[in-house]
Amino acid sequence: MAETDLGPIRKKGVSRVGSAGRPASAPTRPVRRRPAVAGRRWKGVDVFGRSSAVSVSRPAELLQRGVPLACAGHADRPGPARRERNLTKNPTLACGHAPFPGGLAPAWQESVRQAPDIFRRRIPFSRIALVPVLVAVLLCPIRGRAASAPGAGTAPLPPVFVLEPQTDGSLLLRYTWPDPSMVYEISAEKGQVIYPGRLICVLRILPEDAPTRSKAHVRIGRTCRVEKVLVRRGQRLDGRRRPVLFVLRPVDVVHDSVASGTGGGLRLWEGILNLWRSTGIYAIVSLTGQDWTLGIGRLAMMGVGLILLYLGVFRRFEPLLLIPIGFGAIMANIPVADLAGPDGILGMIYAVGIKTGVFPLLIFMGVGAMTDFGPLIASPATALLGAAAQLGIFTALIGALALANWLPGIHFSLREAAAIGIIGGADGPTAIFLAGKLAPNLLGPIAVAAYSYMALVPIIQPPIMRLLTTEAERKVRMKQLRPVSRLERTCFPLLITLLCALLLPDAAPLISMLMFGNLMRECGVVERLSQTAQHALINTVTIFLGLTVGSKLSADKFLNIQTLGILALGLFAFAVGTAGGLLLGKLMHRLSGGRVNPLIGAAGVSAVPMAARVANKVGAEADPHNFLLMHAMGPNVAGVIGSAVAAGVLLNALRFL
């Protein structure tokens, strides 16, 4: 029997594997064994619902090398670079037994025999709520997975970039991907000190086959000084020639002292030429020939920003958001200024508020402070209408994956499809929050689609309402809601927060901020805080939120066929969500003996209070004396909670994908 030596293992209670294939000394406590599954990492809860934290990469290869598939111990979420070395070099893992002639270790065979008992154990609620996501996973394209699976017989993919050290201590950053690319953005200049994690350039990869990633955002991993910048914006790079992008010099100590007498003279002609090259006109004219989205495309996106300003100023469509978004789009597409870059004002605001998810959460707190949950408390059954209206979210998710499979030029991953699907909830802050977590590259189109359809509620919903309801159903008068006590109003946000914490913690950021704002409103003892959240705070955050969302409306990210697909899917999801609420309203109308007006089901989308006003208006058209506003507010505020819960479900399902 071959000898297996996995190196020194200093985990308490487990000794290193001896040459005879068995531990040199018995462990001081029993070791629970886990079956190893390729590519899986567990921390907290494994696939069988048990507590574990083990990472295994290639069980098939380890079997060939004689290492059994039975491991025990703990690993704190090893990174991708260490995943291949976990079983042999990570001192926090312990493996036992020598290779077996049959190929599988007894621990693996025992786990397979016990699998039915494992599956009969208690399954967390968040796993049960993911059925639509599992359906989406089945539709997700799998053509790229087989090639990357261990033992598939394919050669490893070459690196996109390499960092070559030189004899003088400098580093050359080379582009080595076989497909050509174009320099889209340069965020570093000669002599600048670059700190770890900072973006230095963006390349648009131009593959001959269908791409899975069209952009490469290059970030430095250590502190360096830029000695030379050897590329320019719009330049085409050939990876087969291994071009050098930057010459970097590692820096251990950074200081800003300058020797006296440094600096050279300035020539007049050179200064005039540099002044001309720094103008926006020169950038648009010179870059249009390289890539139209870098030149004339910027002017087109400025036109889009002007259209959004027109809709907000003259048509009064969500002016509080469309005006900042439109002006932010104009600022982001100004040539040369790079206002949306990492050192620009819009880029810094984005990093602080959107990337961290702070702005949407503050918006939710302000919305909670302005929302009256009394109609929902008085009629809890209307919460079902808010849940039914979230049907559009999962419909758009599945539709995005279907478009990615069937239409050329559209490539949506499962995370991107989930971010697109949240548009169906008609909740702008939730859409921005989820897109910032799952698909930051699609934040601009998703935010514009979400807020545009929220503004178009009076145009989109009435035809669907008239189509799915009869004249008699629209004339139904509902009895007046019962009064809600202050104690009920105060306890409601606390109860919802506790339920969210117990059942779906991933939705806690959105739900807890919403309920905290409502608690300040209903408790009646912090009127100043409530007024601040309702007015000053939410207005300030709305300004920065709109500007940063507009900064993502760059030509290369917006002027493509994927944006058209997002807009179409958002409209379809919004219509499906409205129809889902109406159909459940019709069912409740039948079951209640005609005491429920189905129109209030259309208010289940999260457009507060616009959807409730539209339901009241359509009902008043059939019967001028029919007042449905307060009845429709129940499903409306329930839709806000429902969209936040749906976002938590998607985050829970796609966190590690």
Do Pro324 and Ile543 make a side-chain contact, defined as non-hydrogen atoms from C-beta onward lying under 4.5 Å apart?
no
Would you check if the side chain of Glu488 reaches a backbone N or O of Ser485 as a donor-acceptor pair within less than 3.5 Å?
yes
Applying the side chain to side chain contact (heavy atoms under 4.5 Å, CB included) criterion to Leu311, which one of Ile323, Leu306, Leu322, Leu456 satisfies it?
Leu322
Report the C-alpha separation of Gln461 and Phe574 in whole Å, then their side-chain angles, then the decisive distance to 0.1 Å, and conclude whether the side-chain contact (heavy atoms from CB on, under 4.5 Å) test is met.
CA-CA 9 Å; Gln461 283 197 328; Phe574 191 77; 4.0 Å; yes
Would you call Glu473 and Lys586 a salt bridge, using N to O less than 4.0 angstrom?
yes
Just wondering, do Ile561 and Leu407 contact through their side chains at under 4.5 Å, heavy atoms?
no
Testing the basics here: between Ser606 and Asp427, what is the closest heavy-atom pair and its distance to 0.1 Å?
CB-CB, 3.6 Å
So Ile432 and Leu545, side-chain contact (heavy atoms from CB on, under 4.5 Å) or not? Walk me through it.
CA-CA 9 Å; Ile432 294 175; Leu545 179 68; 3.8 Å; yes
Pairwise distance CD1(Ile354) to CZ(Phe544) - rounded to 0.5 angstrom
11.5 Å
Measuring only between side-chain heavy atoms, which start at C-beta, is Val448 closer than 4.5 Å to Thr563?
no
If you take all heavy atoms of Gly425 and Ile393, which pair is closest and at what distance?
N-CG1, 3.5 Å
Asn518 side chain to Pro493 backbone, donor-acceptor under 3.5 Å
no
Near Arg528 CZ, under 6.0 Å, is it more than 12 heavy atoms from other residues, nucleotides or ligands?
no
Taking the side chain from Tyr453 and the backbone from Gly424, do they hold a donor-acceptor pair closer than 3.5 Å?
no
Answer yes or no: is there a side-chain heavy-atom contact under 4.5 Å between Pro319 and Phe314?
no
To the nearest 0.5 Å, what is the distance between CD (Gln531) and CD (Gln534)?
5.0 Å
Results of salt bridge (charged side-chain N to carboxylate O under 4.0 Å, His left out) for Glu416 - residues two or more places apart only
none
Reported CG-to-CZ distance for the pair Leu599 and Arg466, which is rounded to 0.5 angstrom
10.0 Å
For Phe492, enumerate each residue passing the ring pair (Phe, Tyr, Trp, His ring centres under 6.0 Å) test, keeping only those at least two apart in sequence or located in another chain.
Phe373
Between Ile422 and Ser643, the two heavy atoms sitting closest are CD1-O, 4.0 Å
Hey, are Glu527 and Arg521 close enough for a salt bridge, meaning a charged N less than 4.0 Å from a carboxylate O?
no
Find out whether Met610 and Pro458 are in side-chain contact, i.e. whether some heavy atom of one side chain is under 4.5 Å from a heavy atom of the other.
yes
Evaluation steps, side-chain contact (heavy atoms from CB on, under 4.5 Å), between Leu582 and Leu385:
CA-CA 8 Å; Leu582 285 171; Leu385 298 174; over 6 Å; no
Please confirm whether the backbone N or O of Val596 pairs with a side-chain atom of His589, one donor and one acceptor, at under 3.5 Å?
yes
Has Lys355 got a side-chain atom pairing as donor or acceptor with Ile349's backbone, closer than 3.5 angstrom?
no
Suppose the criterion is ring-ring contact (aromatic ring centres under 6.0 Å, His included): which pairs have a residue in residues 500-533, not counting sequence neighbours?
none
So, does Asn333 use its side chain to make a donor-acceptor pair with the main chain of Met301 at under 3.5 Å?
no
Does Thr469 use its side chain to pair, donor to acceptor, with the backbone of Met465 at less than 3.5 Å?
yes
Restricting to non-hydrogen atoms, name the atom on Thr490 and the atom on Leu519 that form the minimum distance, rounded to 0.1 Å.
O-CD1, 3.8 Å
Side chain proximity check, Asp338 to Ser187, heavy atoms < 4.5 angstrom
yes
Donor-acceptor pair, Arg298 side chain versus Ile330 backbone, under 3.5 Å?
no
Short question: side chain of Thr382, backbone of Ser379 - any donor-acceptor pair under 3.5 Å?
yes
Rounded to the nearest 0.5 Å, how far does NE2 of His411 lie from CD of Gln562?
7.0 Å
Using every non-hydrogen atom in the two residues, find where Val541 and Phe359 come nearest and quote the distance to one decimal.
CG1-O, 3.6 Å
Are Tyr350 and Pro342 packed together at the side-chain level, in the sense that at least one heavy-atom pair is separated by less than 4.5 angstrom?
no
What do you reckon, is CZ of Phe558 surrounded by more than 12 foreign heavy atoms closer than 6.0 Å?
yes
Mark yes or no for whether Asn616, through its side chain, and Ala632, through its backbone, hold a donor-acceptor pair below 3.5 Å.
no
How far does CG of Leu650 sit from CG of Leu414, to the nearest 0.5 angstrom?
9.0 Å
Measure the spacing between CG of Asn636 and CD1 of Ile641 and express it to the nearest 0.5 Å.
11.0 Å
Using side-chain heavy atoms (C-beta onward) and a distance below 4.5 Å, is Pro462 in contact with Val614?
yes
Under 6.0 Å from the CZ atom of Arg219, do we count more than 12 heavy atoms belonging to anything else shown?
yes
When you look at Met370 and Ile538, which way does the side-chain contact (heavy atoms from CB on, under 4.5 Å) test go after all the steps?
CA-CA 10 Å; Met370 294 187 294; Ile538 194 171; 3.6 Å; yes
Closest non-hydrogen atom pair, Leu510 against Ala647:
CD1-CB, 4.2 Å
